[in-house]
Amino acid sequence: NSEIAQDEKITEGYKPLHRKGMLLTLLGREVCLGMDGLPSAINTFFCDGNQSIGREGRPVLASPIRFDILERQGVSALQWAGPEFLSETPSRIVWRSVGQSAAFRVEITGFLEFDGFMEYRMTVTALQAGEVLDIRWEIPYSDIMSQYMMGMNFRGGTRPLSYDWNWNVNQRGQDTLWLGGVEGGISCRLFGPESHAKQINVYYPFGPLRQPEGWGNFGQGGAKVRTE
């Protein structure tokens, strides 16, 4: 019954969010949004083993994050309108972008909180019958911010050159992958309407994850890590 963290108060030690156009700034980091509402750039200013904040930012991304729909003729050419900023407080900024092609309408709603937590919800609507080969969420990490990896059945350590993972909620409580360096990185969790909080390992058999079908795709979904 606690009411802690139910207001807009900034936790001591953090700074309020600030927006200037498409650039969102927070303690030690900045996020630049593209027209699709996804990060086109993320920079970290943490240095000295996260003990200080420098003046020069370093890129977490090598190129913009993408949400692609792959058709037989190639990636669907979505035309984006946005982002539209829906609400702004010192602790949270919310936005929405809409993209459309002849075959699809995609709505992406995202928010950023003062501690660096981000959430995205994607809704894909087919406007006509057609064949979809794949729907992909791609995060191109920079080399320095992808030296290490943990999650999705990888115990943790130096990132391998190549790695593949598939859903297996009956045996493994896995839906999250972190890649990063000492002073920056991204932890990505895949969830959907079916998702719920995970039990700790000893209790997992009593409350296993429910596979989000938007990502699981009836056993065909998964994640791939590749070095280019």
Side-chain angles (χ1 to χ4, degrees), residues 5 11 13-14 17 24-34 37-47 49-51 53 57-67 91-95 108-122 136-169 172-192 194-201 204 209-212 214-216 221-227:
T11 303
Y14 286 90
L17 290 170
L24 314 180
T25 58
L26 63 161
L27 181 67
R29 289 148 290 177
E30 63 181 19
V31 179
C32 186
L33 301 178
L38 300 176
S40 61
I42 300 175
N43 293 313
T44 175
F45 294 82
F46 289 114
C47 54
N50 298 310
Q51 299 303 305
I53 297 176
R58 288 175 296 165
V60 175
L61 299 177
S63 59
I65 292 177
R66 300 194 306 274
F67 184 73
S91 64
R92 176 185 287 203
I93 298 176
V94 184
W95 61 89
I108 296 180
T109 302
F111 67 78
L112 172 66
E113 295 185 336
F114 68 93
D115 59 358
F117 179 80
M118 298 183 72
E119 180 176 296
Y120 280 99
R121 295 179 183 268
M122 292 85 158
R136 300 187 300 226
W137 166 254
E138 296 193 7
I139 306 177
Y141 290 81
S142 66
D143 289 339
I144 194 171
M145 297 301 169
S146 60
Q147 296 172 312
Y148 307 108
M149 186 174 103
M150 181 171 63
M152 291 185 174
N153 212 41
F154 187 81
R155 293 184 63 88
T158 302
R159 171 184 51 81
L161 296 179
S162 179
Y163 187 77
D164 294 273
W165 172 87
N166 294 98
W167 292 91
N168 185 356
V169 295
R172 303 192 300 261
Q174 300 171 351
D175 59 3
T176 304
L177 182 68
W178 174 84
L179 276 82
V182 174
E183 292 151 351
I186 300 175
S187 178
C188 180
R189 181 190 178 203
L190 305 177
F191 71 95
E194 308 87 351
S195 301
H196 61 85
K198 291 182 286 187
Q199 301 277 5
I200 61 173
N201 291 345
Y204 185 76
L209 289 179
R210 292 188 290 270
Q211 178 175 292
W215 296 112
K224 296 181 179 180
V225 176
R226 296 291 185 268
T227 304

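Only this structure's heavy atoms are used, side chains among them; waters, hydrogens and symmetry mates stay out. From a predicted model like this one, the values you see are computed outputs, not experimental measurements.
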Main-chain N/O of Gly221 paired with Trp215 side-chain donor or acceptor, under 3.5 Å: no

message: Walk me through whether Leu38 and Ile108 qualify under side chain to side chain contact (heavy atoms under 4.5 Å, CB included).
response: CA-CA 8 Å; Leu38 300 176; Ile108 296 180; 4.1 Å; yes

- request: With rounding to the nearest 0.5 Å, note down the distance linking CE in Met150 to CH2 in Trp178.
  value: 6.5 Å

query: Should Ser195 and Gln211 count as side-chain neighbours, where that means a heavy-atom distance under 4.5 Å?
result: no

field: Arg226/Asp164 ion pair, N-O < 4.0 Å
entry: yes

field: Tyr14 side chain vs Leu26 backbone, donor-acceptor pair below 3.5 Å
entry: no

- request: Give a yes or no on whether the backbone of Asp115 and the side-chain of Arg29 come within a donor-acceptor separation of less than 3.5 Å.
  value: yes

message: Within the structure provided, determine whether Asn166 and Gln174 are in side-chain contact (heavy-atom separation under 4.5 Å).
response: no

query: Are the side chains of Tyr163 and Lys224 in touch, meaning some heavy atoms are under 4.5 Å apart?
result: no

task: Calculate, to the nearest 0.5 Å, the distance between atoms CG and CG belonging to Leu17 and Leu27 respectively.
output: 10.5 Å

query: Given Arg66 and Ile139, is the side chain to side chain contact (heavy atoms under 4.5 Å, CB included) satisfied, shown in steps?
result: CA-CA 7 Å; Arg66 300 194 306 274; Ile139 306 177; over 6 Å; no

message: Using a 3.5 Å distance criterion without hydrogens, assess whether the side chain of Tyr120 forms a donor-acceptor pair with backbone atoms of Gly37.
response: yes

field: Arg92 charged N/C atom sitting above Phe111 aromatic ring, 6.0 Å / 45°
entry: yes

- request: Apply side chain to side chain contact (heavy atoms under 4.5 Å, CB included) to the pair Ile186 and Leu61, showing each step before the final yes or no.
  value: CA-CA 9 Å; Ile186 300 175; Leu61 299 177; 3.9 Å; yes

query: Under 3.5 Å, is there a donor-acceptor pair between the side chain of Ser40 and the main chain of Cys32?
result: yes

query: Asn50 side chain to Val182 main-chain N or O, any donor-acceptor pair under 3.5 Å?
result: yes

- prompt: Is there a donor-acceptor contact under 3.5 Å from the side chain of Glu30 to the main chain of Leu24?
  reply: no

query: Is Ile42 close to Met145 at the side-chain level, that is, under 4.5 Å between some pair of heavy atoms?
result: no

message: Distance check, rounded to the nearest 0.5 Å: Thr109 atom OG1 versus Glu119 atom CD?
response: 10.0 Å

task: Flag the pair Trp165 / Arg172 as yes when at least one side-chain heavy-atom distance between them is below 4.5 Å, and no otherwise.
output: yes

message: Treating Thr227 as the side-chain partner and Leu161 as the backbone partner, does any N or O pair qualify as donor plus acceptor under 3.5 Å?
response: yes

message: Quick check: closest heavy atoms across Pro39 and Met118, and the distance to 0.1 Å?
response: CG-CE, 4.0 Å

query: Would a 4.5 Å heavy-atom cut-off, applied to side chains only, mark Tyr148 and Leu179 as touching?
result: no

query: What is the distance from atom CH2 of Trp167 to atom CG of Leu190, rounded to the nearest 0.5 Å?
result: 5.0 Å

query: Taking the side chain as C-beta and beyond, is there a heavy-atom pair between Ile65 and Glu138 under 4.5 Å?
result: no

- prompt: Would you say the side chain of Thr176 lies within less than 4.5 Å of the side chain of Cys188, judging by non-hydrogen atoms?
  reply: no

message: Restricting to non-hydrogen atoms, name the atom on Glu194 and the atom on Pro212 that form the minimum distance, rounded to 0.1 Å.
response: OE1-CA, 3.2 Å

Gap between atom CG of Asp175 and atom CZ of Arg189 - 0.5 Å precision: 4.5 Å

Under 3.5 Å donor-acceptor, Arg58 side chain and Phe46 backbone: yes

Check: Gln147 main-chain N/O paired with Arg159 side-chain donor or acceptor under 3.5 Å: no

